Amino acid sequence: MTGIILCGGQSTRMGTDKGLLKLEANTWAQTAVDKIAALQLPVKISVNNQQFADYAEVFAKDDLIADAASLALHGPLLGVLSAHLYLPDQDLMVLACDLPLMEPALLKELYQYHLDNPGYDAYLFDNDGEHEPLCAIYVAKGLLTIDEMRQRGELTRHSMKFMLDHLSVYSIPVKEDQKQYFRNFNAHAELNGL
Ligand SMILES: Nc1nc2c(ncn2[C@@H]2O[C@H](COP(=O)(O)OP(=O)(O)OP(=O)(O)O)[C@@H](O)[C@H]2O)c(=O)[nH]1
């Protein structure tokens with residue numbers, strides 16, 4: 001398994017690259033890398049082509065995966081499928097950079113659920129009936145299924161939710177006191193008190 005930190009997209013609402021924002025001494029991207037690396041997994045950072053040079057100043061180029069424009073997709077799904085094309089045999093533990101409060105213990109729990117319950121295409125937290133697609137494990141065979149759909153022109157919506165509708169999902173309920181870890185930050189006004 002390889003960790004994939006999603007840092008691509010436009011950060012339109014934040015107005016500045018979210019992965020390069022700092023939480024204490026580290027960028028959000030680095031903070032996310034460290035949390036997955038603590039599970040002894042290799043980690044790559046998913047960026048778009050415009051970001052590549054900036055990220056290459058901070059991370060090793062070999063650790064970056066650029067979005068594959070040829071996929072003609074957009075959003076997180078583009079990052080995830082680009083990572084799958086780059087690492088086709090790997091199961092992916094995906095973590096969005098804009099979940100800076102994600103708790104390492106929860107990632108460990110996610111990893112363990114996957115080890116203990118093999119056979120599903122994806123392992124996701126269920127937060128009050130909604131899956132959390134950007135802190136999840138996607139198994140290589142499920143990603144292959146989705147990429148084959150893409151090749152057949154069947155990805156009629158470019159959303160993670162659409163992808164999940166076509167995968168077998170193992171759901172892990174989020175406990176009340178764990179909800180805080182899934183807080184997603186998209187705009188500067190939300191950063192107060194972080
Ligand atoms: N690699 C990659 N990651 C993406 C892409 N779009 C979004 N992401 C990542 O997916 C997560 C959720 O992104 P969003 O908040 O929905 O979109 P965004 O582009 O970051 O921000 P907005 O422009 O404000 O919507 C973040 O971690 C983004 O870095 C993309 O096209 N490619």
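It should be emphasised that the depicted structure is a prediction, and the values quoted were computed from it without experimental measurement.
- Between the S46 side chain and the I5 main chain, no donor and acceptor come within less than 3.5 Å of each other.
- Under a 3.5 Å cut-off, the side chain of E190 and the backbone N or O of N186 do form a donor-acceptor pair.
- Remark: the backbone N or O of A69 is not paired with any side-chain donor or acceptor of D67 at under 3.5 angstrom.
- Rounding to the nearest 0.5 angstrom, the gap separating the CD1 atom in I172 from the OH atom in Y113 is 6.5 Å.
- In this structure, the side chains of L95 and I36 come closer than 4.5 Å at one or more pairs of heavy atoms.
- Rounding to the nearest 0.5 Å places NE2 of H158 at 5.0 Å from CG of L73.
- Two residues are said to be in side-chain contact when any heavy atoms from C-beta on lie closer than 4.5 Å; M1 and L92 fail this criterion.
- The closest side-chain heavy-atom distance from C135 to V94 is not below 4.5 Å.
- With I45 as the fixed residue, the side chain to side chain contact (heavy atoms under 4.5 Å, CB included) test singles out one of I4, I65, V58, V33: V33.
- The residues D91 and K141 are annotated as not salt-bridged, no charged nitrogen and carboxylate oxygen being separated by less than 4.0 angstrom.
- With a 4.5 Å cut-off on side-chain heavy atoms, M163 and L143 count as touching.
- Proximity of M93 to T2: side-chain heavy atoms (C-beta onward) are nowhere separated by under 4.5 Å.
- Residue M14 belongs to a hydrophobic cluster whose other members are L21, L23, W28, L101, F185, L191, L194, with links defined by side-chain heavy atoms closer than 4.5 Å.
- Of the listed residues (Y138, Y170, Y123, Y120), just one forms a ring pair (Phe, Tyr, Trp, His ring centres under 6.0 Å) with H114, and that residue is Y123.
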> Stepwise, does the side-chain contact (heavy atoms from CB on, under 4.5 Å) test hold for L99 with R183?
Replying inline: CA-CA 6 Å; L99 299 176; R183 199 165 149 212; over 6 Å; no
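- Between L144 and H84 there is a side-chain heavy-atom pair separated by less than 4.5 Å.
- In this structure, C7 SG and Q51 CD are separated by 7.0 Å, a value rounded to the nearest 0.5 Å.
- Taking the six-membered ring where the residue is Trp, H166 and F162 present tilted rings, their angle falling between 30° and 60°.
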> Can you check side-chain contact (heavy atoms from CB on, under 4.5 Å) on L167 and I146, steps first, answer last?
Replying inline: CA-CA 8 Å; L167 297 178; I146 298 300; 3.9 Å; yes
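- For the residue pair S11 / D17, no side-chain donor-acceptor distance below 3.5 Å is found, with atom types taken as modelled.
- L85 is connected to L78 through a chain of hydrophobic side-chain contacts under 4.5 Å among Ile, Leu, Val, Met, Phe, Trp and Tyr, so both are in one cluster.
- Within the 4.5 Å cutoff, side-chain heavy atoms of L106 are placed close to those of F182.
- Separation of atoms CG (L77) and CZ (R157) is listed at 11.0 Å; rounding is to 0.5 Å.
- Among residues at least two apart or in separate chains, salt bridge (charged side-chain N to carboxylate O under 4.0 Å, His left out) pairs with a member in residues 30-58 are K44-D63.
- A donor-acceptor pair shorter than 3.5 Å can be found between the side chains of D98 and N184.
- Remark: the backbone N or O of S168 is paired with a side-chain donor or acceptor of D121 at under 3.5 angstrom.
- Rounding to the nearest 0.5 Å gives a distance of 6.5 Å between CD of E176 and CG of D128.
- Two residues are said to be in side-chain contact when any heavy atoms from C-beta on lie closer than 4.5 Å; D165 and K161 meet this criterion.
- With hydrogens and angles disregarded, a donor-acceptor distance shorter than 3.5 Å links the side chain of Q178 to the backbone of K175.
- Applying the salt bridge (charged side-chain N to carboxylate O under 4.0 Å, His left out) rule to D89 yields no partners; only residues at least two apart in sequence or on another chain are considered.
- A distance-only check finds no donor-acceptor pair linking the side chain of E130 to the backbone of N127 [under 3.5 Å].
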